[in-house]
Amino acid sequence: MRDNLFDLTVMAIVTEKPDMKQIQGVLAWEQVRFKFGEEIVIERAKLLSERIKKQKRILFFLDDLSAGIDLDRVGIPFGTDHTGFKIVLFSGCPEVFFNQMNTAMNYFT
């Protein structure tokens, strides 16, 4: 933030059994002070993704990753959907990174 590399920095805690609605709520609120109504997870993901795409440069921190996370289901666009942000994953389990990277690589091939 100090070097003005990103417009927003957003952090969410992802546990072994992630609560998608809770993660979506944290990302939406920290990102643009946006609150959801009673939408289902898929609708919330679409709304969140649309909001994120309006931002130019975002840095996401996903902490305490005990299992993989489906970025589409959360509403975080990746790959060619949005090129102005970075995602940093934190985990004490190396297999999580390996599996998450394999999932991401399958998206591009």
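Since we're looking at a predicted model, the values are computed, not measured. One is the number of the first residue; the rest follow in order along the sequence.
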- request: Please identify each residue that fulfils side chain to side chain contact (heavy atoms under 4.5 Å, CB included) with Val88, with sequence neighbours left out.
  value: Leu59, Phe61, Phe90
For a quick test of reading the model, state the closest non-hydrogen atom pair linking [X] to [Y] and the distance between them.
X     : Y     : result
Phe85 : Ile58 : CB-O, 2.7 Å
Ile52 : Gly75 : CD1-O, 3.5 Å
Met11 : Val26 : O-CG1, 3.3 Å

Under 3.5 Å: donor-acceptor pair, side chain of [X], backbone of [Y]:
X     : Y     : result
Gln24 : Arg73 : yes
Arg44 : Lys21 : yes
Arg57 : Asn4  : yes

Is the closest side-chain heavy-atom distance between [X] and [Y] below 4.5 Å?
X     : Y     : answer
Ile13 : Asp63 : yes
Leu62 : Leu71 : yes
Lys86 : Phe6  : yes

Joint cluster assignment, Ile42 & Ile23, ILVMFWY side-chain distance < 4.5 Å: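 No; Ile23 is not reachable from Ile42 via cluster members.
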- prompt: Hey, what do you get for CG (Leu48) to CZ (Arg51), rounding to the nearest 0.5 Å?
  reply: 9.5 Å
